[in-house]
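Single-structure report; data block below.
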2 protein chains.
Amino acid sequence: MDLDDSDKRILRALQTQPELTMRELADVTGLSHSPCWRRLQRLQADGAITPRRFVIDPEAVGYEILAFCFVKISHHQRDRLRAFEDAVAQVPAVMQCYSLSGEYDYVLQVIAASVRDYEATVKNALVELPNVQSINTSFTLKRVKHSLNVPI
Amino acid sequence: MDLDDSDKRILRALQTQPELTMRELADVTGLSHSPCWRRLQRLQADGAITPRRFVIDPEAVGYEILAFCFVKISHHQRDRLRAFEDAVAQVPAVMQCYSLSGEYDYVLQVIAASVRDYEATVKNALVELPNVQSINTSFTLKRVKHSLNVPI
DNA sequence: GAAACAAGGTCGCTATTGCTGACCTTGTTC
DNA sequence: GAACAAGGTCAGCAATAGCGACCTTGTTTC
């Protein structure tokens, strides 16, 4: 997607001042409110930004554990990969999943209320996913940075 | 933080239907609008939810690379760790940073426009961070899941 | 069992806001 | 100079957020 300077100013303002009204957004981006609003619509339609939403902090609602979970799978045929990917996306405790180059096939970011809860999630949900060969967990100790703000 | 059933219903509704108005939110959570609104204020004040905001998709604005970056540091004294953590949090390309148990000290989630851009970020920003001993990159190939919705 | 307290419910209000349409102006491209 | 894209201006309205005041209900405490 191509973003010109006005788009970038809009996106920057949305990130740094999320609570701006549409009129204020137009002001700080140096546009008048109609074209600003048209651009915002376009950015949403293009999928560059999600609908306006509240974001919940997992730590603040009791998820004390965040772990990275490295997965090796058994069979690398396309449809077997699909099976794993479709299934893992359905597990609520999995916040993120990426396929990887290198030693492991996938990395999962998993949240849990406690170590006990984490163990249950791995045992009941993750190792039961189709096509899993092995799972290797690395626990996080501290959240140093967790940002939603993309540099624009 | 303690969440009762009403809080949980509110949080669930906010995640699954981000575009509800306050009145609709009250309806679907089975509260009337005043107490619902009071709870929402409290959840925000307590830090359980961020202010309502647009979230930008890095992929959609041209960040083709997402890499996990495993860092070992040289000195583990408390103030040396602080120095690294404070500095890494300032790097815009670093979306997430967690300290880890095990072989590596930190994992960073880094975005870049291209492999070339990634290389520049590592060279100019990451290896120059204080107290870094080594950096080990694992590139992601595909985003399988990336959710902001915490199971509630 | 009376008092105190917490939480929800009801009602009402207003300035703000999102969202839109119509139309004009400017600048650039062909 | 014609055509087109993008921004600007103006106007408007219904919906909305954001309260505040007060009542009701249920639970806990003494």
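Lettering follows sequence order; numbering is per chain, from 1.
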Fill in the blank from the handout: Here the distance between atom C1' of dC19(C) and atom CH2 of W37(A), to the nearest Å, is 5 Å

Practice task
Measure the spacing between CD1 of I10(A) and CZ of R42(A) and express it to the nearest 0.5 Å.
Solution key: 8.0 Å

Fill in the blank from the handout: From NE2 of H33(B) across to P of dT10(C) the rounded distance in Å is 10 Å

Practice task
May I ask you to say what R42(A) touches in the nucleic acid, namely base, sugar-phosphate or nothing, with a heavy-atom cut-off under 4.0 Å?
Solution key: nothing

Practice task
Please state how far atom CE in M22(B) lies from atom P in dG18(C), giving the value in whole angstrom units.
Solution key: 13 Å

Handout entry: Separation of dG8(C) P from L40(B) CG (nearest whole Å)
Key = 13 Å

Practice task
Examine dG18(D): is either OP1 or OP2 under 4.0 Å from a nitrogen or oxygen in the side chain of R23(B)? Give yes or no.
Solution key: no

Exercise for the section: Provide, to the nearest angstrom, the distance between the CZ atom belonging to R38(A) and the C1' atom belonging to dT9(D). Expected result: 10 Å

Practice task
Name the nucleic acid region contacted by T21(A), choosing base, sugar-phosphate or nothing; use a 4.0 angstrom heavy-atom cut-off, strictly under.
Solution key: sugar-phosphate

Practice task
Considering only NZ, NE, NH1 and NH2 on the basic side and carboxylate oxygens on the acidic side, decide whether D4(B) and R39(B) come within less than 4.0 Å.
Solution key: yes

Problem - Nearest-Å distance for atom pair CD/P, residues E19(B) and dA17(D) - result: 12 Å

Practice task
Salt-bridge test for D57(B) and R143(B): reply yes if a basic N is under 4.0 Å from a carboxylate O, no otherwise.
Solution key: yes

Practice task
Specify the separation, in whole Å, of atom CG of D2(B) and atom C1' of dA6(C).
Solution key: 15 Å

Problem - Whichever of G30(B) and L20(A) has its nearest DNA chain C nucleotide further upstream toward 5' - result: G30(B)

Practice task
Report which part of the nucleic acid S34(A) touches: base, sugar-phosphate, or nothing (heavy-atom distance under 4.0 Å, all strands).
Solution key: base

Fill in the blank from the handout: Here the distance between atom P of dA6(C) and atom CZ of R39(B), to the nearest Å, is 14 Å

Practice task
Return the minimal non-hydrogen interatomic distance between Y63(B) and I152(A), and the atom names on each side.
Solution key: OH-N, 4.4 Å

